[in-house]
Amino acid sequence: MRATLFSVQSFERSFLQHANTRHHQLQLLDTRLCADTAHLAQGAAAISVFSPDDVSGPVLEQLGGYGVRYVAVRAAGFDNVDLVAARQLGIRVANVPDYSPHAIAEHAVTLMLTLCRHLRQADQQLRANDFRLDQLIGFELHGKTVGILGVGRIGAVVARILHGFGCRLLGTDVQPNPELTERYGLEYVPLNQLCSQSDIISVHTPLTPQTRHLINERLLKSMKPGVMLINTGRGGVLDTAAALQALKSGQLGFLGLDVYEAEKGLFFTDHTRDLLLDDTFARLLTFKNVLITGHQAYLTREALTNIAEATVASLTAWDQGETPAHELQPLVRALAAGSPS
């Protein structure tokens, strides 16, 4: 099968090439997919995309006109893909739902530890030959209440790790997992209760119309004063402007982000010679109690291997007239059934 892969980072290439044991014709592009670049997929039966790509209805319509029939998303999240439009155009979509929940979960806990022990400030001081400890008093995770917003594959690993630290665990999810309660003592509670009782809140919910800006001004005000908020899920779940105000008032004591709601065009790109025009993002960077990484939680050798292998496996299944293991057909049908069209 001939496939055009968009938004391919330099570090991905070797993993994709190594996984391509079936010798598909892969065109690896660092270009982001959008209406102006869709023509680059001409002649390809499939495309593969990542989170920065625009796979909206109009772009899918263009792709369909070029003969594209398959979309392989190299991520678990697929909120950038219009699944209803894909179904209407006869374009099949697959994702990689469980490439490595450990990578994301471990990164979330890394953000927690870095913030609670002021490691960013400690490193900066030490490099400036300032060895004072006065401003570096932190706190222990042991005994703290941690709320996990979205207890799926990733949230379950977060629970397992934090149980080892001796944390009390709260969770909220549409599908509670009794095994997590039995093994780690995780208590499922309503969202408001999770916010009011948690010392740390870790976000692992997907981005949907229902979860966009789920964490808004009202919800932030319901949290404990000085709470730590970690988001390694999707940037749009957090109202960043509201979080900025909560940081300024002290309501939000610590903020750790690996995702940002306006990250498209910002993350994954070298902007060292550019002015930072995003005032909200620039303001966040001025806070000592804010730690931001550029959507790198998934960036482990294990995860990159799994993503590449699953992506190529989807292409192979389609090429052989089969259904990939992670095709989104049931969800597409459900969305289409609920759509006005």
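No hydrogens, no waters, no symmetry mates; every other heavy atom, side chains included, goes into these values. Because the structure is a prediction, the values reported are computed rather than measured.
- A salt bridge links Asp199 and Lys224; the closest N-O separation between the charged side-chain nitrogens and carboxylate oxygens is under 4.0 Å.
- Residues Val237 and Leu149 form no side-chain contact, since every pair of their non-hydrogen atoms from C-beta on lies 4.5 Å or further apart.
- With values rounded to the nearest 0.5 angstrom, Ser48 atom OG is found 11.5 Å from His24 atom NE2.
- Smallest separation of non-hydrogen atoms from Asp278 and Ala262: OD2-CB, 3.9 Å.
- Between Leu266 and Tyr260, the closest side-chain pair of non-hydrogen atoms falls below 4.5 Å.
- For Gln9, the CD atom is densely surrounded, since the number of other residues' heavy atoms within 6.0 Å is greater than 12.
- With respect to the salt-bridge test (charged N to carboxylate O, under 4.0 angstrom), the residues Asp279 and Arg283 do not qualify.
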Chi angles and distances behind the side chain to side chain contact (heavy atoms under 4.5 Å, CB included) call for Leu162, Lys144: CA-CA 10 Å; Leu162 293 178; Lys144 299 300 184 293; over 6 Å; no
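- For the atom pair Arg32 CZ and Ser7 OG, the distance stands at 7.0 Å (nearest 0.5 Å).
- Summarising the geometry of Ile230 relative to Ala108, their closest heavy-atom pair is CG2-O, 4.0 Å, with the distance given to 0.1 Å.
- Within the model, atoms OG1 of Thr4 and CG of Leu33 stand 10.0 Å from one another, a figure rounded to the nearest 0.5 Å.
- Atom CG of Leu276 is surrounded by more than 12 heavy atoms from other residues, nucleotides or ligands within 6.0 Å.
- The number of heavy-atom neighbours closer than 6.0 Å to CG of Leu126, taken from other residues, nucleotides and ligands shown, is above 12.
- Scanning both residues, Asn80 and Asp53, for their nearest heavy atoms gives ND2-O, 2.9 Å.
- With contacts defined as side-chain heavy-atom distances shorter than 4.5 Å, the pair Leu284/Leu247 qualifies.
- Between Gln251 and Lys221, the shortest heavy-atom distance links the atoms NE2-O, 3.6 Å.
- Contact check for Asn192 versus Leu219: side-chain heavy atoms found under the 4.5 Å cut-off.
- For Glu140, the CD atom is loosely surrounded, since the number of other residues' heavy atoms within 6.0 Å does not exceed 12.
- Considering only heavy atoms from C-beta on, Arg92 comes within 4.5 Å of Thr323 through its side chain.
- Counting heavy atoms from C-beta outward, Pro97 and Arg153 have side chains that approach closer than 4.5 Å.
- Ring geometry for His118 against Phe254 counts as tilted: the plane angle lies between 30° and 60°, on a 0 to 90° scale.
- The aromatic rings of Phe268 and Phe50 sit perpendicular to each other, their planes meeting at more than 60°, with 30° as the lower class boundary.
- Enclosure of atom CD in Glu217 is not indicated, since only 12 or fewer non-hydrogen atoms of other residues, nucleotides or ligands lie within 6.0 angstrom.
- Judged by distance alone, with hydrogens and angles left aside, the side-chain atoms of Arg168 form no donor-acceptor pair with the main-chain N or O of Gly185 at under 3.5 Å.
- Closest approach of Leu63 and Ala38 over heavy atoms only: CD2-O, 3.9 Å.
- Within 6.0 Å of CD on Gln197 lie more than 12 heavy atoms contributed by other residues, nucleotides or ligands.
- Under the 30°/60° scheme for interplanar angles, the aromatic rings of Phe267 and Phe281 are found to stand perpendicular.
- Other residues, nucleotides and ligands contribute over 12 non-hydrogen atoms within 6.0 Å of the CD atom of Gln320.
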Chi angles and distances behind the salt bridge (Lys or Arg N to Asp or Glu O under 4.0 Å) call for Arg234, Asp79: CA-CA 9 Å; Arg234 280 292 181 263; Asp79 50 272; 2.9 Å; yes
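- Closest approach of Leu315 to Ala3, counting heavy atoms only: CD1-CB, 4.0 Å.
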